[in-house]
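Notes follow the structure.
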Amino acid sequence: MNEPVLTIVVPCYNEEEVLFETTSQLSKMLSSLIVEKLAAPTSKILYVDDGSSDKTWELIEELSQQHPFVKGIKLTRNYGHQKALLAGLETARKKSDCVISIDADLQDDISVIREFMVKYFEGYDIVYGVRKSRDTDTFFKRATAQGFYRFMNKMGVNVVYNHADYRLLSKRALEELSRYPEQNLFLRGIVSLIGLKSTKVYYDRKERFAGVSKYPLKKMLAFAFDGITSFSVVPIRMITLIGALSFFISSIAGIYALVVKFLGRAELGWTSIIISIWFIGGLLLMSVGLIGEYIGKIYEETKNRPRFSIETDLFSEEETLVKEKSFYFSRRNE
Ligand code: UDP
Ligand code: MG
C-alpha cells in the first residue's frame, strides 16, 4: 500500500493563544509519521477558522507560510464546532486518503495519532479516540458529560461512550458522511450510523493548556438537546405515553367522582379542578413545545440552506496555483 495522504482537521474559534504550540506539536507528529512511512509527505494540517473575532485567521495565514504542512480555510462567520468540523472534513476529503479531526486545544493526546494510522493500515475505516478517564476535567464538566452520554443512549441515540470528535475517518467513511445532508448536525451520532469497520483507541485527556473552553453550559445543553432531537423520536413517544397514562388515571378518578356524586357526598371540588387545570395545561404546553422542536427541525431541513460558506481556502487552491505555475513555466520555455 502506498503511504496514505493524511489531513488533520482542526476547528478553531478564537484560539490565538494555542495555535503556535498546536502547530509545532502536530507538525512534529506528522513529520515522524512521514519518516515512519505511515503517512504520505503531502499530508497536511488543515485549520478551519470558524469566524473568530481575534487574530486566529491572521495567525493561520502566517503559519501556512512558515510551515509546509499548514493549510487553512476561513468560514464566513461563526457556524459552531460541528459545522466548522464538517467544513474541514468536506474540504479535506477531495485530497486525502484519511482524515483525523482534533480540537485546537490539544486536550486529546496527539501521540495516539500514530495508533490511529496503524489501525487504518489494518483496514479500519473509522477509528474512535476514547477517553480513558476524565480526571483532568472539573467535577462539573465530568458529571454533565457523563449524564449526557447516559441520557443519549437512553433516548436511543447511539454514541460511543466518552468519545468526542477525536477520530480517524477513511476516504470511504468521508464519502458516506457526505451523503448525509442534514442541517442539524450531530457528527458523533452520524458517524456511528455509517457503519463500516470501526475500532476504538484509548487515551488520557489533558487540560486545555491555554485559552478558555468555548463550550459553556448553555452551549453544551443546546448541543445535547440538538443531538437528541436530531436522532430520536423517543421524547415524542414519551409524551404519548404520559398522555395515555394520564388518560388512564383520570378515567379512574372520573369513575370515583361519579360514584361519590351518586352517593350524594360530592364536595364543592374547587381544589381538584384547579389542580387538574394547571397540571393538564402544563403538560399540554410542554408537549406542544416539544413537538414544535421537531417541526422546527423539519422547517430548517426543508429550507436546505448551505451548511457553511468558505471565505478563503488555502487548502484546495494549492493545486490551481501549481497548475498556473507550470503553465507559466511552460510558456516561458516555449
Ligand atoms: N470551536 C469552534 N466553533 C465554536 C466553538 C468551538 O470551532 O463555535 C472549536 C474550538 O476552537 C475547539 C473545539 O471546537 O477547537 C472544541 O472547543 P473547546 O475546546 O472550547 O471545548 P471543550 O473541550 O471545552 O469541550
Ligand atoms: Mg477543549
Side-chain angles (χ1 to χ4, degrees), residues 7-23 25-26 45-60 63 70 72-92 99-110 113 129-149 152 159-167 183-188 203-227 307-312 315:
T7 305
I8 302 178
V9 171
V10 191
C12 307
Y13 177 56
N14 293 346
E15 298 285 10
E16 58 180 10
E17 284 162 274
V18 303
L19 271 183
F20 269 112
E21 182 59 26
T22 301
T23 306
Q25 289 194 28
L26 284 179
I45 300 166
L46 173 61
Y47 289 118
V48 182
D49 175 31
D50 186 18
S52 301
S53 50
D54 65 359
K55 293 244 173 319
T56 300
W57 179 248
E58 284 80 359
L59 263 179
I60 293 173
L63 286 165
V70 176
I73 56 175
K74 178 177 165 45
L75 301 187
T76 49
R77 62 173 170 87
N78 180 244
Y79 283 88
H81 179 209
Q82 297 289 294
K83 285 187 180 161
L85 191 52
L86 181 81
L89 295 178
E90 281 291 296
T91 309
V99 169
I100 292 174
S101 50
I102 188 168
D103 289 351
D105 54 14
L106 295 192
Q107 281 186 290
D108 306 304
D109 185 2
I110 66 159
I113 287 182
V130 178
R131 289 170 208 160
K132 260 189 252 168
S133 68
R134 283 179 168 266
D135 296 342
T136 53
D137 278 347
T138 59
F139 172 75
F140 180 70
K141 177 112 196 174
R142 197 161 61 212
T144 47
Q146 259 159 15
F148 169 74
Y149 288 106
M152 294 295 277
V159 283
V160 175
Y161 187 66
N162 264 350
H163 158 69
D165 284 301
Y166 186 26
R167 69 175 83 84
Q183 300 283 329
N184 291 287
L185 205 63
F186 185 65
L187 277 173
R188 273 169 237 189
Y203 66 94
D204 284 316
R205 183 154 157 108
K206 297 181 213 154
E207 267 167 73
R208 201 178 229 286
F209 66 85
V212 290
S213 171
K214 274 78 189 174
Y215 263 104
L217 182 66
K218 204 174 132 217
K219 259 195 190 174
M220 223 154 69
L221 285 179
F223 184 58
F225 196 69
D226 236 29
R307 293 181 290 180
F308 54 82
S309 306
I310 297 172
E311 191 175 308
T312 319
F315 182 81

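Counting starts at 1 for both ligands and their atoms, following the listed order. Worth saying up front: this structure is predicted, and the values here are computed from it rather than measured.
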Looking at atom 23 (O) of ligand 1, what's its closest protein heavy atom, distance included? Gln107 OE1, 2.7 Å
Could you tell me whether the side chain of Arg167 reaches within less than 4.5 Å of the side chain of Asp165, counting heavy atoms only? yes
Heavy atom of the protein closest to atom 3 (N) of ligand 1 (residue, atom name, distance): Asp50 OD2, 2.6 Å
Hey, are Arg205 and Asp108 close enough for a salt bridge, meaning a charged N less than 4.0 Å from a carboxylate O? yes
Quick one: does Asn78's side chain have a donor or acceptor within less than 3.5 Å of a partner on Asp50's backbone? yes
Donor-acceptor pair, distance only, cut-off 3.5 Å: does the side chain of Thr312 make one with the backbone of Lys74? no
What atoms in ligand 1 come closer than 4.0 Å to a heavy atom of Arg205? 23 (O)
Taking atom 18 (P) of ligand 1 as the reference point, the nearest protein heavy atom with its distance: Arg208 NH2, 3.4 Å
Ignoring hydrogens and angles, tell me if any N or O in the side chain of Tyr149 forms a donor-acceptor pair with the backbone of His163 under 3.5 Å. yes
Would you tell me which option among Asp49, Asp103, Thr22, Val48 has the nearest heavy-atom contact to atom 13 (C) of ligand 1? Asp103
Atoms of ligand 1 less than 4.0 Å from Glu15 heavy atoms? 10 (C), 11 (O), 12 (C), 15 (O)
Of the protein's non-hydrogen atoms, which lies at the shortest distance from atom 14 (O) of ligand 1, and what is that distance? His81 CD2, 3.2 Å
Of all N, O or S atoms in Asp105, which has the smallest distance to the Mg ion (ligand 2)? OD2
To which protein heavy atom is atom 24 (O) of ligand 1 closest, and what is the distance rounded to 0.1 Å? Ser213 OG, 2.5 Å
Return the closest protein heavy atom for atom 15 (O) of ligand 1 as residue, atom name and distance. Pro11 O, 2.7 Å
Is Glu16 reaching over with its side chain to a backbone N or O of Lys55, donor-acceptor style, under 3.5 angstrom? yes
Are the side chain of Asp105 and the backbone N or O of Gln107 linked by a donor-acceptor pair below 3.5 Å? yes
Under 3.5 Å: donor-acceptor pair, side chain of Ser101, backbone of Val9: no
Any non-hydrogen side-chain atom of Tyr203 less than 4.5 Å from a side-chain atom of Ile110? no
Is there side-chain contact between Leu26 and Val10, with heavy atoms separated by less than 4.5 Å? yes
Could you check atom 20 (O) of ligand 1 against the protein and tell me its nearest heavy-atom contact, residue, atom and distance included? Lys214 N, 2.4 Å
When distances are taken from atom 21 (O) of ligand 1, the protein heavy atom at minimum range is Tyr215 CD1, 3.4 Å
Could you list the atoms of ligand 1 found under 4.0 angstrom from a heavy atom of Ala104? 15 (O)
Between Cys12 and ligand 1, which part of the residue brings a heavy atom under 4.0 Å of the ligand: side chain, backbone, both or neither? backbone
Region of Val10 that comes within reach of ligand 1 [heavy atoms, distance under 4.0 Å]: neither
